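Structure first, commentary second.
Each chain gets a letter, A, B and so on, in the order the sequences are listed, and its residues count up from 1. These numbers come from the heavy atoms of this one structure, side chains and all, not from hydrogens, waters or symmetry mates. Keep in mind the model is a prediction, meaning the values are calculated, not measured.
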There are 4 protein chains.
Amino acid sequence: MPDPRTDYLTARRDAIRDAAEGVFVRWGFDGATMQQIADEAGVSAGTIYRYFASKDDLVRAVARACSARYTAQFESSAQTATSPLELLMTAGAHIWEGIGSASARRDAILQLEATLVAVREPTSAALLAESMGEMRRLIEALIRDAQTQGEVDPFIDPTALAWLLMATTNGVQSLALQLGETVDTTAAWRVFEQLLAGIRTQEDGR
Amino acid sequence: MPDPRTDYLTARRDAIRDAAEGVFVRWGFDGATMQQIADEAGVSAGTIYRYFASKDDLVRAVARACSARYTAQFESSAQTATSPLELLMTAGAHIWEGIGSASARRDAILQLEATLVAVREPTSAALLAESMGEMRRLIEALIRDAQTQGEVDPFIDPTALAWLLMATTNGVQSLALQLGETVDTTAAWRVFEQLLAGIRTQEDGR
Amino acid sequence: MPDPRTDYLTARRDAIRDAAEGVFVRWGFDGATMQQIADEAGVSAGTIYRYFASKDDLVRAVARACSARYTAQFESSAQTATSPLELLMTAGAHIWEGIGSASARRDAILQLEATLVAVREPTSAALLAESMGEMRRLIEALIRDAQTQGEVDPFIDPTALAWLLMATTNGVQSLALQLGETVDTTAAWRVFEQLLAGIRTQEDGR
Amino acid sequence: MPDPRTDYLTARRDAIRDAAEGVFVRWGFDGATMQQIADEAGVSAGTIYRYFASKDDLVRAVARACSARYTAQFESSAQTATSPLELLMTAGAHIWEGIGSASARRDAILQLEATLVAVREPTSAALLAESMGEMRRLIEALIRDAQTQGEVDPFIDPTALAWLLMATTNGVQSLALQLGETVDTTAAWRVFEQLLAGIRTQEDGR
DNA sequence: TATGAATGAGTTTTCATTCAT
DNA sequence: TATGAATGAAAACTCATTCAT
C-alpha cells in the first residue's frame with residue numbers, strides 16, 4: 001500500500017516544512033525568504049515549488065503542523081492520571097513547566113504569527129478556529145467528566161472554563177515571550193493552582 | 001508658550017501615526033506599505049519622512065501609543081471604586097466587557113505585532129517589557145493594598161498574581177481575536193470571577 | 001551708482017555660493033543636497049532658488065568662482081619678480097608649496113568635479129576651456145618674454161611648454177589628493193626645477 | 001579544473017562590469033542608474049545583484065579593473081627596449097600617443113571619478129593608493145636601473161622623479177579631457193622629451 | 001523677500017516565482 | 001526531478017523644486 005515513491009516525496013515535503021518552520025521562527029513569516037528556507041532545507045529555491053504551491057501555502061502548512069503538535073502534546077500530556085481533574089492539573093503543570101523551553105518558545109512564536117495571518121485571511125482563521133475548537137472540546141470533556149465524578153463544582157460552565165484555561169495558558173506563554181526570564185512562571189502556576197481550587201466541589205457544608 | 005507651528009507639526013505627526021495604526025491593523029507591520037499609509041493620511045509618501053525617520057520609527061511610535069493607551073485605560077478604569085479589590089475587579093470587568101469591541105480588537109492586533117517585533121529586536125523588547133512592567137506595578141500595588149486591608153489572602157505572591165491577571169486578560173483578548181464571536185467572554189469572566197474568589201481572605205474558620 | 005539693494009543681493013548670492021562650495025568639497029556635486037547647502041548658508045532651502053535657478057546653476061557658479069580664483073592666484077603669485085623666467089619659477093614654487101594646503105585641496109577637488117561636469121556638458125566644457133586658455137595665455141606670454149630676453153631656449157614651443165607646465169602642476173595636485181602625505185611634493189619640485197633647467201638657454205658652446 | 005559553470009558566471013560578471021564601465025563613463029558614478037547599466041548589459045536590473053552586492057561594489061570593481069588595465073598597459077608598453085631609459089621613454093611616448101584615443105579618454109574619466117570617490121572614502125583611497133604605488137614602484141625600479149647603468153644622473157631622487165612622471169602624464173591626460181583637440185599633446189611630448197634630457201648623465205666635463 | 005512643508009518622480013534594492021537546462 | 005539564473009514587480013526612501021503663508 002505505501003508507495004515508496006510517495007513516501008519519499010512526503011518525507012521531502014516534511015523536511016522542507018520543518019526547515020521553513022525554523023526560519024519562520026527566527027525571521028517571521030514575512031521576513032523569511034524562500035532562499036533562506038531552501039538553504040536551511042538543503043535544496044534549491046526552485047525545488048520548494050515542487051512541494052508547495054507558494055510561500056503562502058508553505059506558511060499554512062507550517063501553521064497546521066504547529067497546531068497539530070499543540071493538540072498532540074496535550075493529549076499525551078497526562079497518560080498516567082487516575083481522575084479527570086488530576087489529568088487536567090497534571091497536563092497544565094506539564095505545559096506550564098515547559099513554557100520557558102526553546103520548543104515552547106518556537107511554538108508560541110508560530111502561534112502568534114498564525115493568529116495574525118488568521119486575522120487577515122478567513123481561510124486561515126477557519127483553520128485556526130478548528131484547531132482551537134478541537135483543543136477546547138478535549139478540555140471541556142475532561143471538565144464534564146470531573147463534574148460527573150463530583151470533582152468539580154457542577155454549577156460551573158465547562159465550555160467557559162475550558163476557554164479560560166486555554167486563554168490563561170496561552171497568555172502566560174505570550175507573556176514569557178515578551179518578558180523572558182523576568183516573569184516567574186512557576187510562581188504564577190502556584191497562584192493559578194490556588195485559584196483553581198475554587199472550582200473544586202465545596203466539601204464543607206457551605 | 002505653545003508655539004502654533006509646533007502644535008501644527010505635532011498634530012500632523014499624530015494624524016500620520018493614527019493613519020498608520022489603521023493600516024497596520026489591517027495589513028500588519030510588514031504588509032503595510034508607506035504608500036497605503038500616505039493615502040490613508042491624505043499626504044504624499046515623501047511627507048511621512050518629514051515626521052518619521054523610517055518605517056521602523058513609525059512602527060515604534062504606533063506601538064508606543066498603543067501601550068500608552070492600554071495603561072491609561074486601566075488607570076481610568078475604576079475611579080469610583082471604594083476598595084483596592086473592588087477597583088481591580090471593576091477594572092477587570094470593564095476591560096473584559098470591551099474585549100469584543102473594535103478598538104480592543106485593534107489594540108490586541110497591534111500588541112501581537114509588537115510582540116513579534118520584540119522577539120526579534122532587543123530594543124523593541126525592552127520597550128515592550130517596560131510598558132508591561134509598568135502595568136504590572138500598578139496591579140501589584142493594588143493587590144498589596146488589598147492584602148494590607150485584609151481583602152486578599154496575605155499568603156499570595158502579589159507579583160505572580162499580577163502577571164497572572166495580565167496573562168489571562170491578554171490571553172482572552174487573543175482568543176477572541178482568533179475565534180471571533182465563538183468564544184463567550186462574558187461567561188469566561190463569570191468563571192474567572194468565581195476563581196478569583198479563591199484569593200479572597202478566607203473568612204470561615206480555615 | 002552702486003545700488004545698496006543690489007549690493008545686498010550680490011553679497012547674499014556670494015555667501016550662498018561659498019557655502020555651497022564647502023558642501024560640494026565635502027560631498028561632491030552629486031552627493032550634496034540643497035538642504036545641506038541651505039543649512040551651511042544659514043538660509044532656508046527655498047531661498048536658494050531666489051539666487052540660483054537650479055542646483056546645476058549653483059554648480060556652474062561655484063565652478064566659475066573656482067576657476068577665477070585659480071587664475072587670480074597665479075597673477076598675484078610673483079609680483080616682485082625681476083625677469084619673466086624668475087617670475088615663472090617663483091610662481092611655480094609658490095603654487096607647489098601650497099599643494100598640501102587645505103585651500104589647494106579644496107580647489108583641486110572642485111577642479112576635478114568641474115572637469116567631470118565638463119566632460120558631459122558642452123556648456124561647462126566651453127567655460128572650463130576658456131578659463132584654462134586664459135591661464136595658458138598668461139604663461140605663454142611669460143615664456144615668450146623670456147625667450148625674447150634670451151632666458152629661455154628660443155627653439156622651444158611656448159604654447160606646448162605652457163600646457164606642459166599646467167598639466168604637471170595639476171597632475172601633482174591630483175596626485176597629492178590621491179595619496180595625501182605619501183607623495184613628497186618638495187622633492188618632486190626639486191626634480192622638476194632640475195628638468196626645467198633644460199629649457200634655459202644653453203650658455204655653453206654647444 | 002575550469003568549472004564551466006564558474007566560467008559562465010565569471011564571463012557574465014565581466015560583461016556586466018564592462019557595461020557598467022561604459023555607462024559610468026557617460027554618466028558618472030553618481031549619475032548612472034542601475035537600470036541604465038542593466039539595459040546596456042542586456043539583463044534585468046535585479047540580475048546585477050546576483051553578481052555585485054551593491055552599486056558601490058560595482059563601482060569598486062570597475063575602478064579596480066581600470067587600475068589593473070592601466071598598470072598592464074605600462075608593463076606591456078615597451079617589450080623591445082634595450083635599456084631602462086629607452087624603455088621609460090618608449091613607454092612614455094606610447095602612452096602619450098594614445099592620450100587622444102577613446103579608450104584613454106574612458107580610463108581618464110574613470111580615474112577622475114575614482115579619485116573623487118577616494119577623497120571621500122578611506123577604503124577606496126587605500127585601493128587607489130595601492131594601485132598608484134604599484135605603478136610608481138615599476139617606474140622607480142626602471143630609473144634606478146638606468147642610474148646603475150649610467151644612463152641617468154645618479155643625483156636625482158628616483159622616487160620623486162617617478163611621481164613626477166606619473167603626475168605629468170596624468171596631468172596631460174586630464175588636460176586633454178578638459179580641452180579636447182585644443183591641446184597638442186605631440187608638441188607637449190616633444191618639449192617633455194627635451195626636459196627629460198636634463199636627467200641624462202651629463203657627458204660633458206661638468 | 002524668506003520660509004519650510006509638501007510633493008512626486010526617480011533610485012536602489014529585494015524577493016517570490018518561473019523555466020531552460 | 002532538481003537546479004539556480006533570470007525576471008520584474010514592488011517597496012523604502014531621497015531630494016530638487018514649488019508655493020502658500
Residues two or more places apart in sequence or in another chain: which of them pass side-chain contact (heavy atoms from CB on, under 4.5 Å) with C/Asp39?
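Applying side-chain contact (heavy atoms from CB on, under 4.5 Å) to C/Asp39 gives C/Gln35.
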Output all residues satisfying side-chain contact (heavy atoms from CB on, under 4.5 Å) with D/Ser131, sequence neighbours left out; order by chain, then residue number.
D/Ser67
Does D/Tyr8 put a side-chain nitrogen or oxygen below 4.0 Å from OP1 or OP2 of E/dA20?
no
Under the side chain to side chain donor-acceptor pair (under 3.5 Å) rule, collect the residues that match up with [X], sequence neighbours excluded.
X       : result
C/Asp14 : C/Arg17
C/Thr10 : none
D/Arg60 : none

Could you report the tightest heavy-atom contact between D/Ile16 and D/Ile37, atom names first, then the distance?
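D/Ile16 and D/Ile37 have their closest heavy atoms at O-CG2, 4.4 Å.
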Round to the nearest Å and state the distance from [X] atom [atom1] to [N] atom [atom2].
X       : N     : atom1 : atom2 : result
C/Ile48 : E/dT1 : CD1   : P     : 16 Å
B/Tyr49 : E/dA9 : OH    : P     : 17 Å
A/Arg12 : F/dT1 : CZ    : C1'   : 9 Å

What pairs meet the ring-ring contact (aromatic ring centres under 6.0 Å, His included) rule with one or both residues in residues 35-60 of chain D, with sequence neighbours excluded?
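ring-ring contact (aromatic ring centres under 6.0 Å, His included) check on residues 35-60 of chain D returns no pairs.
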All pairs passing ring-ring contact (aromatic ring centres under 6.0 Å, His included) where residues 11-31 of chain D contributes a residue, at least two apart
D/Phe24-D/Phe29
Which residue lies more 5' along DNA chain E, comparing A/Arg50 with C/Arg50 via nearest heavy atoms
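Its nearest nucleotide lies further toward 5', so the answer is C/Arg50.
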Are the side chains of C/Val117 and C/Glu113 in contact, using a 4.5 Å heavy-atom criterion?
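No - every pair of side-chain heavy atoms lies 4.5 Å or more apart.
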Residues from residues 18-46 of chain D lying under 4.0 Å of DNA chain F - heavy atoms
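Hits under 4.0 Å, by residue number: D/Val43, D/Ser44, D/Gly46.
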Among residues 52-60 of chain A, which residues get a heavy atom nearer than 4.0 Å to DNA chain F?
none
Contacts of type salt bridge (Lys or Arg N to Asp or Glu O under 4.0 Å), residue D/Arg50, not counting sequence neighbours:
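Here no residue qualifies.
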Using the test salt bridge (Lys or Arg N to Asp or Glu O under 4.0 Å), find all partners of D/Asp107 that sit at least two apart in sequence or belong to another chain.
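Here the qualifying residues are D/Arg69.
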For DNA chain E, just give me the dot-bracket, please: Watson-Crick or G-U, both distances below 3.5 Å, ( ) intra-strand, [ ] crossing earlier pairs, | paired with another strand, . unpaired.
.||||||||||||||||||||
